[in-house]
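For the single chain, residues carry numbers from 1 onward in sequence order.
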Amino acid sequence: MPLQIWSKALAISGILTMGLALLGCVGALKELRCLLGLYFGILLLLFAMQITLGILISTQRTRLERRVKDIVMETIQRYHAHPEESAAEESWDYVQFQLRCCGWNSPQDWLSNPSLSSNESEMHRVPCSCYNSSASNDSAIFEKLSFPQFSRRGPLARPRHSTDLCLVPANSAIYSEGCARSIQKWLHNNLISIVGICLGVGLLELSFMTLSIFLCRNLDQVYDRLARYL
């Protein structure tokens, strides 16, 4: 999926999270049991969805990996076949550039795309996102990498409907490792952080659900006690 879709999804989820927090605050401050109950119900639904998603990912891991591989291989096969539809290509270029990898299994995956071969010498080429600039001092090729879409500090954006395509020879200094292996390494190196964040979010949701249901059932008593101290 294009990175733009993921960014929009994250933005919408952030807005929904803020709205949910506001719902709980208003329910607690205004002593509205209906809002507290709604807050508890939405949190419970989110928690159940997260548990279900975790179970599905763990049980359907092989199918998920196969599906991701099919999507990536289709993107490689259709690379620059339709220049007006470049969102998926830009996303995959970004993955290759950031993870310092090429192809899914290996750079050989790009050789199956006939549109990336040179018409003059039939020499196969790969996208510039595969180019390993740290392993070569070829200034001619490095100049091609100065486009904004391959700048680590610049925006990832190739001009829409553009016929320009940054390619380098497949026999040049390119990353030799496939992105499947790089992604596995990244997940392995960050596994503790990912699990810790998931557990932390789950515990927070459980604590908030417990607090909301406690306030909902004992709202009058809690506010009477607070009034005595104030």
(message) Assigning hydrophobic clusters by single linkage (Ile, Leu, Val, Met, Phe, Trp, Tyr; side-chain heavy-atom cutoff under 4.5 Å), is Ile213 placed with Val26?
(response) yes
(message) Membership question, hydrophobic clusters at under 4.5 Å side-chain separation (ILVMFWY): are Leu191 and Leu199 in the same one?
(response) yes
(message) I need the Thr17 OG1 to Ile12 CD1 distance, nearest 0.5 Å.
(response) 11.5 Å
(request) Determine whether Val95 and Val72 make a side-chain contact, defined as any pair of heavy atoms from C-beta on separated by less than 4.5 Å. (result) no
(message) Within the structure provided, determine whether Arg100 and Ser182 are in side-chain contact (heavy-atom separation under 4.5 Å).
(response) no
(request) Side-chain contact test, heavy atoms from C-beta onward, threshold under 4.5 Å: evaluate it for Trp92 versus Ser129 and give yes or no. (result) no
(message) Checking the side chain of Asn113 only, and the main-chain atoms of Ile76 only, is there a donor and an acceptor separated by less than 3.5 Å?
(response) yes
(message) Would you compute the distance between atom SG of Cys25 and atom OH of Tyr39 and round it to the nearest 0.5 angstrom?
(response) 7.5 Å
(request) Report yes if some heavy atom in the side chain of Leu20 is under 4.5 Å from a heavy atom in the side chain of Leu46; otherwise report no. (result) yes
(request) Could you state whether Leu99 and Ile194 fall into the same hydrophobic cluster, counting links through intermediate Ile, Leu, Val, Met, Phe, Trp or Tyr residues with side-chain heavy atoms under 4.5 angstrom apart? (result) yes
(request) Decide if atom CD1 of Ile192 counts as having more than 12 heavy atoms of other residues, nucleotides or ligands within a radius under 6.0 Å. (result) no
(request) With the side chain counted from C-beta on, respond yes when Asn105 and Lys69 share a heavy-atom pair under 4.5 Å apart, and no when they do not. (result) yes
(request) Taking all non-hydrogen atoms of both residues into account, name the closest pair between Gly202 and Phe47 and its distance. (result) O-CE1, 3.9 Å
(message) Show the nearest heavy-atom pair for residues Ser207 and Leu204, with the distance to one decimal.
(response) OG-O, 2.7 Å
(request) Establish whether Val201 and Ile42 are linked, either directly or via other cluster members, by ILVMFWY side-chain heavy-atom contacts under 4.5 Å. (result) no
(request) Check the pair Arg61 / Glu65 against salt bridge (Lys or Arg N to Asp or Glu O under 4.0 Å), numbers first and verdict last. (result) CA-CA 6 Å; Arg61 179 179 176 181; Glu65 291 178 353; 3.2 Å; yes
(message) Could you measure the distance from the CG atom of Leu56 to the OG1 atom of Thr52? Nearest 0.5 Å is fine.
(response) 6.5 Å
(request) Could you tell me whether the side chain of Tyr79 reaches within less than 4.5 Å of the side chain of Val126, counting heavy atoms only? (result) no
(message) Applying a strict under-4.5 Å side-chain criterion to I, L, V, M, F, W and Y, I'd like to know whether Trp110 and Ile183 cluster together.
(response) yes
(message) Quick check for you: to the nearest 0.5 Å, what is the distance between Arg66 atom CZ and Gln60 atom CD?
(response) 10.0 Å
(message) If I take atom CG from residue Leu45 and atom CD from residue Gln50, how far apart are they, to the nearest 0.5 angstrom?
(response) 10.0 Å
(request) Write down the atom of Pro107, the atom of Ser176, and the distance for their closest heavy-atom approach. (result) CD-O, 3.5 Å
(message) So Ile15 and Met18, do their side chains get closer than 4.5 Å, heavy atoms only?
(response) no
(message) Quick check: closest heavy atoms across Gln96 and Tyr175, and the distance to 0.1 Å?
(response) O-CE1, 4.5 Å
(message) Measuring only between side-chain heavy atoms, which start at C-beta, is Leu36 closer than 4.5 Å to Phe40?
(response) no
(message) Can you tell me if the gamma sulfurs of Cys101 and Cys130 sit closer than 2.5 Å?
(response) no
(request) List the atom of Arg78, the atom of Glu89, and the distance in Å for their closest heavy-atom pair. (result) O-OE2, 3.3 Å
(message) Distance check, rounded to the nearest 0.5 Å: Leu23 atom CG versus Leu16 atom CG?
(response) 12.0 Å
(message) Apply side chain to side chain contact (heavy atoms under 4.5 Å, CB included) to residues Ile71 and Trp104 and explain how you reach the verdict.
(response) CA-CA 10 Å; Ile71 293 175; Trp104 179 250; over 6 Å; no
